[in-house]
Amino acid sequence: MVTNDISLSTEVPWLAVGPKDGAEKCKYVTQGGLLGDGHFSVVKECMNVYTRDLFALKLVSKKTVKNKLELIRREVQLLAAISEKIKQMEKRQYFTMDIFEGHHHVLQLFDYFETSESIALVMQLCSKGDLYEKIIEQGHLDLNTQVRSYTACMVSVLEFLHGQNIVHRDIKAENVLFRLRVNWNEPHESQGDFPYDLTAHDLILADFGFAAPADSGASVFREYVGTTSYIAPEIVHCKDLGRLSPSEVEHVEPYGFAVDIWALGVLTYFMALGYMPFDCDSGEETLNCILTQDYYVDERDENDPKMSQFWSFVQLCFDLNPKERPMATELKKHPFIRDYFARGTYLESSSATPHSMKRNEMGRSLKAPRKSCSSGTLTYMQLEPSCNGYVSPAKSGPVLEPETAATRQRALMQVRDTLKRALSTTALRGEFLVLPEVTKGMKKASTFKLGPQPPAGSLMNGCYSTTPESRSTVNTPRSVSRASSSTSMTIVQNPQPVRYDDDDEGIVI
Ligand SMILES: Nc1ncnc2c1ncn2[C@@H]1O[C@H](COP(=O)(O)OP(=O)(O)OP(=O)(O)O)[C@@H](O)[C@H]1O
């Protein structure tokens with residue numbers, strides 16, 4: 001686990017005004033349509049015209065966040081601090097023996113500035129489409145090849161973030177993106193029979209709009225924030241605090257890291273089953289189900305022995321008592337995901353803590369989770385609960401001879417290391433990996449060095465213009481642009497209006 005917490009300086013001034021229109025040329029141009037939009041922002045693909053590096057440009061409309069500038073400021077500061085921490089770790093070549101490195105899977109911020117209309121965040125570019133869309137498209141994800149590996153990756157991310165003293169507060173499928181693969185030399189699913197879906201290496205946790213350092217104070221951790229279906233019971237207890245007297249509020253326990261673990265349980269459940277555990281007809285009913293840990297369980301799934309480790313895992317995440325809920329570091333030892341981590345000691349709800357499964361809304365109760373057949377330290381990756389040897393869960397084929405298993409294990413480790421190296425380089429260089437013939441002749445420079453200097457003490461790192469002078473004449477090299485996107489460049493002008501509807505998403509400050 002990485003230590004040295006990130007703590008944010010509260011002294012950085014927040015400048016409400018941007019540069020004078022037309023004063024400077026913009027070094028970023030956008031192309032193509034929207035990558036996505038949220039309550040507060042639109043996200044577009046952009047390119048640094050000097051380096052030709054591609055990024056995602058998140059434009060937060062100042063009008064939309066008029067009274068919430070403090071929130072955006074917190075997000076920018078946090079993302080900048082996290083990106084800095086990641087850079088330091090990369091420089092130190094920080095590596096573990098785990099399959100995933102948590103810090104590789106956090107969306108990075110490379111630059112930020114503001115215009116008269118927007119606050120602009122220049123971030124790592126991800127593919128269009130998020131984990132929510134993938135789950136909906138597939139119906140649900142494959143338990144052995146996808147849910148386990150995706151969950152393991154998310155546990156690594158949470159271990160990293162919590163180790164940096166950061167609570168995310170909005171873990172959900174919509175906030176998990178997929179890294180854009182531009183290095184064609186990376187191992188690909190189609191190249192072989194891998195025991196898990198390699199796209200697990202592409203997961204990127206985004207949207208730090210609600211994230212906060214754990215030492216932000218009790219008032220921050222009594223905020224009723226997040227997304228209704230994913231919020232933990234201790235956040236539900238913070239609803240309507242405004243109606244209480246200050247002394248009554250004092251009695252409400254501030255929440256912490258454990259809210260992310262609850263949300264991870266919801267996400268894991270959603271990935272495996274394709275529907276949400278706590279989702280009723282009305283928001284009020286949903287909150288009641290959360291408070292009573294009353295989640296829906298289909299009878300067939302409940303009794304499916306292949307799902308016992310899954311049920312055991314989500315049950316731990318859904319512990320009503322946040323102090324009993326395991327932290328990410330402990331979850332790594334759970335049989336459902338422990339094969340993805342270097343040390344595999346035993347942790348299961350039936351043995352670790354006496355968790356009694358709650359009855360669900362249909363009045364059925366769940367069986368106590370089955371014990372795993374193996375325990376102790378792992379010597380090689382065994383992705384199917386088998387006591388006999390290596391089994392490929394993708395094929396559920398025959399048990400392999402130890403020698404073949406060892407060869408496959410070595411191949412798998414090679415794939416893992418290649419992918420980890422690719423992710424590591426992406427993070428360090430702040431630009432995307434492209435084939436040598438593409439980069440040949442290209443100007444190589446850091447995003448941060450080019451462009452006019454920001455005013456002293458300013459939040460701005462770059463310049464921005466809404467005048468046509470900044471129109472770029474360069475085209476994105478075909479190999480780094482998405483097939484579907486246009487090669488013509490447009491200036492970022494009048495960002496599209498942002499949709500803002502405060503319906504069932506519990507965004508309350
Ligand atoms: N770096 C990125 N690369 C590609 N697409 C992205 C990127 N960041 C965000 N998106 C897309 O844009 C959408 C909105 O982004 P984001 O969730 O950060 O905005 P928001 O306004 O904070 O949203 P929310 O409504 O969750 O508060 C995402 O769901 C995703 O589809």
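Values below: all heavy atoms of this structure, side chains included; hydrogens, waters and symmetry mates excluded. Values in this document were obtained by computation on a predicted structure and should not be read as measured data.
Side chains of Val220 and Pro213 form no contact here, defined as non-hydrogen atoms less than 4.5 Å apart. Side-chain contact check for Arg222 versus Glu250: some heavy-atom pair is nearer than 4.5 Å. Side-chain contact between Leu205 and Phe160 is absent, with no heavy atoms from C-beta onward closer than 4.5 Å. Taking the side chain as every heavy atom from C-beta outward, Leu141 and Asp197 never approach each other to under 4.5 Å. Ile171 places none of its side-chain heavy atoms less than 4.5 Å from the side chain of Tyr230. In this structure the side chain of Phe178 never reaches within 4.5 angstrom of the side chain of Asp130, judged on heavy atoms. When side chains are defined from C-beta on, Trp311 counts as touching Tyr269, because their heavy atoms get closer than 4.5 Å. Within the 4.5 Å cutoff, the side chain of Tyr340 has heavy atoms near those of the Ser149 side chain.
Taking both residues in full, the closest heavy atoms of Pro277 and Phe318 are given as CG-CZ, 3.9 Å, listed atom of the first, atom of the second, then distance. Shortest non-hydrogen contact noted between Leu320 and Thr292 is CD1-C, 4.3 Å. Annotation for Pro326 and Leu331: closest pair CG-CD2, 3.7 Å, computed over non-hydrogen atoms. Residues Cys280 and Glu285 come closest through the heavy atom pair CB-CB, 3.5 Å. The nearest pair of heavy atoms linking Ala272 to Leu143 is CB-CD1, 3.9 Å. What you find for Ile99 and Tyr196 is that their closest heavy atoms are CG2-OH, 3.4 Å.
To the nearest 0.5 Å, the span separating CG on Leu107 from CG on Leu177 amounts to 6.5 Å. From Phe278, atom CZ reaches atom CD1 of Ile231 across 11.0 Å, with rounding to the nearest 0.5 Å. Note that the CG atom of Leu267 and the OG1 atom of Thr151 stand 7.0 Å from one another [nearest 0.5 Å]. For the atom pair Gln309 CD and Asn144 CG, the distance stands at 8.5 Å (nearest 0.5 Å). Going from atom CG of Leu109 over to atom NZ of Lys58 covers 10.0 Å, rounded to the nearest 0.5 Å. Summarising the geometry, atom NZ belonging to Lys332 is positioned 12.5 Å from atom CE belonging to Met327; distances are rounded to the nearest 0.5 Å.
Every residue meeting the side chain to side chain donor-acceptor pair (under 3.5 Å) condition with Gln138, not counting sequence neighbours, appears here in chain and number order: Gln146. The salt bridge (charged side-chain N to carboxylate O under 4.0 Å, His left out) test applied to Asp240 returns Arg243, not counting sequence neighbours. The salt bridge (charged side-chain N to carboxylate O under 4.0 Å, His left out) check on Lys239 picks up Glu284, with sequence neighbours excluded. For Pro322, the side-chain contact (heavy atoms from CB on, under 4.5 Å) partners two or more places apart in sequence, or in a different chain, are Glu234, Ala258, Arg325. Residues passing the side-chain contact (heavy atoms from CB on, under 4.5 Å) test with Glu248, sequence neighbours excluded: Leu244, Ser245.
For the residue pair His237/Glu253, the side-chain donor-acceptor check at 3.5 Å is not satisfied.
Under a cutoff of 6.0 Å and an axis angle of 45°, Arg169 and Phe221 form a cation-pi pair.
Residue pairs meeting the ring pair (Phe, Tyr, Trp, His ring centres under 6.0 Å) criterion with at least one member in residues 124-153, sequence neighbours excluded, are Tyr132-Phe270.
For Thr286 (side chain) and Ser282 (main-chain N/O), a donor-acceptor pair under 3.5 Å exists by modelled atom type. Between the side chain of Arg148 and the backbone N or O of Phe336 there is at least one donor-acceptor pair closer than 3.5 Å. Side-chain N or O atoms of Thr199 include none that pairs as donor or acceptor with a backbone N or O of Asp202 at under 3.5 Å.
The aromatic rings of His105 and Phe100 sit perpendicular to each other, their planes meeting at more than 60°, with 30° as the lower class boundary.
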Exercise. Please assess Gln108 against His103 for the test side chain to side chain donor-acceptor pair (under 3.5 Å), listing each intermediate value before the final yes or no.
Key: CA-CA 10 Å; Gln108 287 203 62; His103 63 286; over 6 Å; no
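Checked against the 6.0 Å centroid threshold, Trp262 and Tyr255 do not count as a close aromatic pair. Aromatic pair Phe341/His334: ring centres not closer than 6.0 Å.
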